[in-house]
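Order of the sequence lines fixes the chain letters, A, B, ..., with proteins taken first and strands second; residue numbering starts at 1 for each chain. No experiment lies behind these values; they were computed from the predicted model shown. When reading the values below, keep in mind they use all heavy atoms of this one structure, side chains included, and skip hydrogens, waters and symmetry mates.
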Amino acid sequence: MTDAAHVPGGGPHDPALKRPTLDERRLRRRYAAERRFKAYGVAAIAIAMVALVWLLFSIVAQGYQAFVHTHIKLDVFFDAELLHPSGRNTPESLAGANYGAVYKKALRDRFGDVKKRRDRRSLYALLSQGAEDDLRDMVLADPSIVDTGQAVWLTASDHVDMLVKGKIERDRPERERPIKDRQLAWIDALMADDRVETRFNTRFFSSGASREPELAGVWGAIMGSIFTMMVTLLLSFPVGVGAAVYLEEFAPRNRWTDLIEVNINNLAAVPSIVFGLLGLAVILNFFGVPRSAPLAGGMVLALMTLPTIIIATRAALKAVPPSIREAALGIGASKLQVITHHVLPLALPGILTGTIIGMAQALGETAPLLMIGMVAFIVDIPTDPLSPATVLPVQIYLWSDMPERSFVEKTSAAIMILLAFLVVMNAVAIYLRRRFERRW
Amino acid sequence: MSPLSLIVALLALSVFAYYFGRRRAFAMAGGRSRSLHSRPGYYGAYVALWCALPALGVFALWLLAQPGVIESIVVSALPEAVRGLGPDRMSLLLNDIRNVADGTFPASAAAPHVAEAAARLNRLDATGKGALAALALTLALAGLVFARSRVAPALRARNQVERTIDILLIACSSIAILTTIGIVLSLVFESIRFFGKIPFFDFVLGIEWSPQTALRDDQVGSTGVFGAIPLFAGTMLITLIAMLIAVPVGLLSAIYLSDYADLRVRGAVKPVVEILAGIPTVVYGFFAALTVAPLFRGLGESVGLDVASESALAAGTVMGIMIIPFISSLSDDVMNAVPQSLRNGSLAMGATKSETIRRVILPAALPGIFAACLLAVSRAIGETMIVVMAAGLAANLTANPFEAVTTVTVQIVTLLIGDQEFDSAKTLAAFALGLVLFVITLAMNVVALHVVRKYREQYD
C-alpha cells in the first residue's frame with residue numbers, strides 16, 4: 001500500500017490510485033441508488049398488495065350478486081282441479097301434484113294475448129323449475145290455501161336473473177342473447193308493475209348441486225366438507241400429537257428416529273396430487289374404501305395434514321421449559337404422567353393453533369380429492385362419511401367449468417364462503433395464540 | 001350394524017371399562033388406594049385398553065379383508081361362461097356388479113347374472129358386517145372380563161399401561177414412514193406396469209403426447225402415444241414464468257420488510273402479504289381462468305399479438321403471485337440469520353444500506369436464497385389446480401408463453417378423472433407421471449434442506 005503512494009507521478013487525482021473521493025456527484029449517485037433500491041422494495045410490496053386486492057376485488061365483484069336472486073310476483077290461483085284432477089286431497093297427492101300447471105296458468109292469465117304454442121313456451125321459460133318447488137312448499141306448509149288466490153313471489157329463471165342484474169346487455173342483437181325480444185317485453189311489463197324484485201337467495205345456502213344455476217346451492221358441498229374435515233381431524237390429530245410426543249419426549253436419537261424425521265420433512269413438501277395418487281392406489285383400490293366418500297377424502301387429507309400437525313406440536317412441546325418436567329419427575333411422576341399432566345396441557349394452545357392451520361389448509365385442498373372421485377355430480381346432501389359427496393373447493397372447480405353465465409357468480413359466491421371459513425379458522429388460531437401463549 | 005356405530009359402541013364400552021376397572025381396584029384395596037401398586041386410574045386404563053385394543057385390531061383387519069373375500073365368493077358363484085373372461089373384462093363386470101349393488105344403476109336394467117351377483121354381494125356384505133359386530137363386541141367384553149379378573153393390588157398396572165402407550169406412540173410416528181413407503185410402492189408398481197406396455201425411452205424421450213387409446217381394437221388411428229417431453233417442457237415454461245415474477249417480487253419485498261420498513265409497517269404488511277399463501281389454489285385457478293387470462297388476451301389483441309385464452313403466461317403469472325409469500329418469508333428467515341456483526345461492519349465502513357444489502361447480506365445469504373428458490377420451484381412444479389383450470393390440455397412443444405401448453409399435473413388429473421378401467425396404459429401413465437413428479441420434487445427438497453442446514457451451521 002505504501003509503495004503505491006511513491007509511484008512516480010502519483011497524486012491525489014491519479015486514477016490508478018483508487019482512493020475514495022467524497023466528491024458531491026459520486027455521493028449523489030450513491031444516494032440515488034439507495035433511493036432506487038428502496039423504491040424497488042416498495043414497488044415489490046405494492047405488486048403483492050395489488051395482486052391480493054385485485055384477486056379479492058374481482059371475486060367479490062363477480063359474486064356478490066349471487067346472494068340475491070330475481071323473483072317474479074304472480075297472482076296464482078291454487079286450483080284444486082289443476083293440482084290433482086282426480087280430486088283427492090291427501091298430503092301424498094299434494095306432494096306429487098302438478099304445480100307447473102298452476103304457475104303456467106297464472107302466466108297465461110297475466111299475458112292473455114299469448115296464444116301460440118312456441119310463444120307460450122318462451123313465456124313459461126321466464127320462471128325457473130324451482131317455481132314449482134316454491135308453490136309445493138307453500139301448499140305443504142298450509143294445505144288450506146288450495147282453491148284460494150294468492151300473490152306469490154316465484155323464482156325466476158337464470159337468464160331473467162342475469163338480465164335483471166345487468167349481466168345480459170339489452171342492446172345486443174337478439175340472436176346473441178339468451179333472452180329474446182318478446183321475453184324482454186314481458187319482463188318490462190312485469191317490471192312496470194313492480195312485479196320483479198331481487199330477494200335473498202336462500203336456495204343457494206340450502207340446496208345441493210344442480211345443472212340449473214338458479215337451483216344450485218352450496219349446502220351439499222359444505223356438508224361434504226364438514227364430514228371430510230371430521231374424518232381428517234379424528235385421524236390426524238391423535239396420530240400427529242402422538243407422533244410428536246414420541247419424537248420429542250421419548251425417542252432415543254438413532255437411525256430409526258432420524259429416518260422418521262427426514263420422512264416427515266419430506267412429506268410436508270410432496271405435491272398434494274401425489275397424495276391423491278396414493279389415495280387412489282392404496283385407499284380406494286387396495287383397502288376398498290368407497291369412491292367419492294368423505295371417508296376416503298378425509299384419510300388422504302389426514303396424511304397430508306399430519307406433517308403440519310407434527311411439526312407444530314413439536315415446536316409447542318419444545319417451548320415448555322425443562323424445569324417443569326424436572327419438577328414433576330422430582331416428586332415421583334412417571335414420564336407419561338409428566339407429559340399428560342403437565343407438558344401437554346401447557347403446550348395445548350400451540351398444538352391447537354397448528355392443528356387449526358393444518359385443517360384450514362386441508363379445507364382448501366382440491367387436487368388430491370379429484371383423484372379419488374369426489375368430483376362426481378352429486379345432487380343429494382350427504383348424510384354420513386360414507387355417502388358420496390363433494391367438498392367446497394371441488395364444487396368451486398366444478399362450477400367454474402360450467403358454461404352458463406350465472407355459474408360464474410355462483411362460483412365466486414362459493415369462493416367467498418370458502419374464504420370466510422378460512423378467515424374464521426385463522427382468526428381462531430390467532431386468537432388462541434394471543435390469548436394463551438406463554439413466554440417462559 | 002354399520003362400522004361407524006360399531007366404533008362408537010366399542011369406544012363407549014371402553015369408557016365404561018375404565019370406570020369398571022377403577023371401581024374394582026378400589027374395592028380390592030378396601031377403599032384405600034395406598035395399598036395399590038399404581039394409582040386407581042391406571043387399573044381403569046388397563047381394563048379399558050384390554051377392552052378396546054383387541055376389538056379394534058380385529059375390526060381393522062376384518063374391514064381390510066372383507067371386500068376381497070366377498071369379491072372372490074361372488075366371482076366363484078358367477079355362471080361358468082362368465083367366469084372364463086379375461087382379467088380386464090372381469091374387472092369391468094365387477095364394477096357393474098358394484099354399481100348395481102349400491103343402487104347407482106337400477107337392478108332391473110342389468111343382465112340377470114349381474115343383478116343376481118349384486119344381490120349376493122349385498123347379502124354377503126350385510127352378513128359380514130353382522131358377524132364383525134358380533135365378533136368385535138364379544139372380544140371387547142371378553143377383554144373386559146379378563147382384565148377385570150386380573151385387577152389386584154399387586155398388579156403392575158402402570159408399567160403395563162405405559163408400555164402399551166409407548167408402543168402406540170411409536171406406531172403413530174411410524175405412519176410417516178408408512179406413508180412414504182405407500183407412495184413409493186404404489187407409484188413404482190403402477191409405473192412398472194406402465195413401462196411394460198410403453199417402453200421407458202419412448203416415455204422419457206418422446207415428443208408427442210396423445211393418450212387417447214382406442215375403445216375397440218378395430219378403431220383406426222387412436223393408439224395412445226406417450227412421449228412426455230412436451231409435458232416437461234410445458235411445466236418448465238410455466239414454472240419459469242412463475243419464478244420470474246415470484247423471485248424478484250418476493251426477494252425485494254423481504255429485503256424491504258426486514259431492512260427498511262419500521263416495525264409498525266412490517267407488522268401491518270407482513271400478515272397481509274402472507275394472506276396470499278393462505279388462499280386455496282382453486283381460487284387462484286378461478287382467478288387465472290376468468291380474470292387474468294381474458295385480460296392478457298385483450299392486451300395482446302390491442303397490440304396485435306395472438307395470445308391463447310389458456311396461455312402459459314396467465315397460468316404462470318398467477319402461480320407467481322401464489323409463490324410470492326413463500327419466497328419472501330423463506331428469504332426473510334435466511335437474511336435474518338446473517339449475523340448482525342456483518343451488517344454493522346459494512347455500515348461502519350460508510351456503505352449505504354443498499355450497498356450493505358447488495359454487497360454483504362445477499363452474498364452471505366445466497367445459499368439460503370438459492371434453497372428457498374429451489375423449494376419454490378418444487379412447489380410450482382407440483383402445483384395442480386391453477387394449471388388445471390387455466391392452462392391447456394393439448395400438449396404443444398413450444399417456448400412461446402402466449403400459447404397454450406399443458407403440464408405434468410394437468411395430465412395426471414385429466415387421465416384419472418372419470419371412471420375407467422384401472423389397467424389401461426392411459427390410467428397407468430398418470431402414475432408414471434406421478435413418479436417423475438415425486439422424484440423431481442423430492443430431489444429438490446432434499447438438496448434445498450441440505451443447503452439450508454449446512455448454511456445454518458455456518459453462522460450458528
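Contact annotation for L187(B): only side-chain heavy atoms (C-beta onward) come within less than 4.5 Å of a heavy atom of chain A. Residue contact with chain A, scored on non-hydrogen atoms closer than 4.5 Å, involves the side chain of I357(B) exclusively. For L433(B), no part lies near chain A; criterion is any non-hydrogen pair under 4.5 Å. Contacts between V423(A) and chain B at a heavy-atom distance below 4.5 Å are absent for every atom of the residue. Heavy-atom distances place both the backbone and the side chain of S334(A) under 4.5 Å from chain B. With a threshold of 4.5 angstrom between heavy atoms, F250(A) approaches chain B through side-chain atoms but not through N, CA, C or O. When heavy atoms are compared at a cutoff of 4.5 Å, L418(A) approaches chain B solely by way of its side chain, counted from C-beta outward. The contact between L449(B) and chain A is made entirely by side chain atoms (from C-beta outward), counting heavy-atom distances below 4.5 Å. Contacts of I321(B) with chain A are made by side-chain atoms alone, with heavy-atom separations under 4.5 Å and no backbone atom involved. Of the atoms belonging to L336(A), heavy atoms from both backbone and side chain fall under 4.5 Å from chain B. Looking at P307(A), there are no atoms closer than 4.5 Å to chain B (heavy atoms on both sides), in backbone or side chain. For chain B, the nearby parts of Q337(A) are the backbone and the side chain; heavy atoms of each come within less than 4.5 Å. The contact between V42(A) and chain B is made by backbone and side chain atoms together, counting heavy-atom distances below 4.5 Å. Proximity to chain B (any heavy atom under 4.5 Å) is shown, for I45(A), by both the backbone and the side chain. With a 4.5 angstrom heavy-atom cutoff, V388(B) touches chain A only via side-chain atoms. The contact between I412(B) and chain A is made by backbone and side chain atoms together, counting heavy-atom distances below 4.5 Å.
Ranked by heavy-atom pairs shorter than 4.5 Å toward chain A, the options I170(B), V292(B), I275(B), D166(B) are led by I170(B). Considering only heavy-atom pairs separated by less than 4.5 Å from chain B, the leading option among V274(A), V282(A), L267(A) is L267(A).
We find the CD-CE distance between E365(A) and M304(A) to be 4.0 Å, quoted to the nearest 0.5 Å. One distance of note links CG of L303(A) with CD1 of I175(B); it measures 7.5 Å at 0.5 Å rounding.
Between the side chains of T352(B) and E34(A), at least one donor N or O sits under 3.5 Å from an acceptor N or O. For the 3.5 Å distance criterion, the side chains of Y42(B) and E162(B) qualify, holding a donor opposite an acceptor.
Ring planes of F287(B) and W54(A): perpendicular class, angle over 60° (limits at 30 and 60°).
Checked for salt-bridge contact, E355(B) and R30(A) meet the test: a charged N lies under 4.0 Å from a carboxylate O.
Annotation: salt bridge (Lys or Arg N to Asp or Glu O under 4.0 Å) contacts of R358(B) (sequence neighbours excluded): none.
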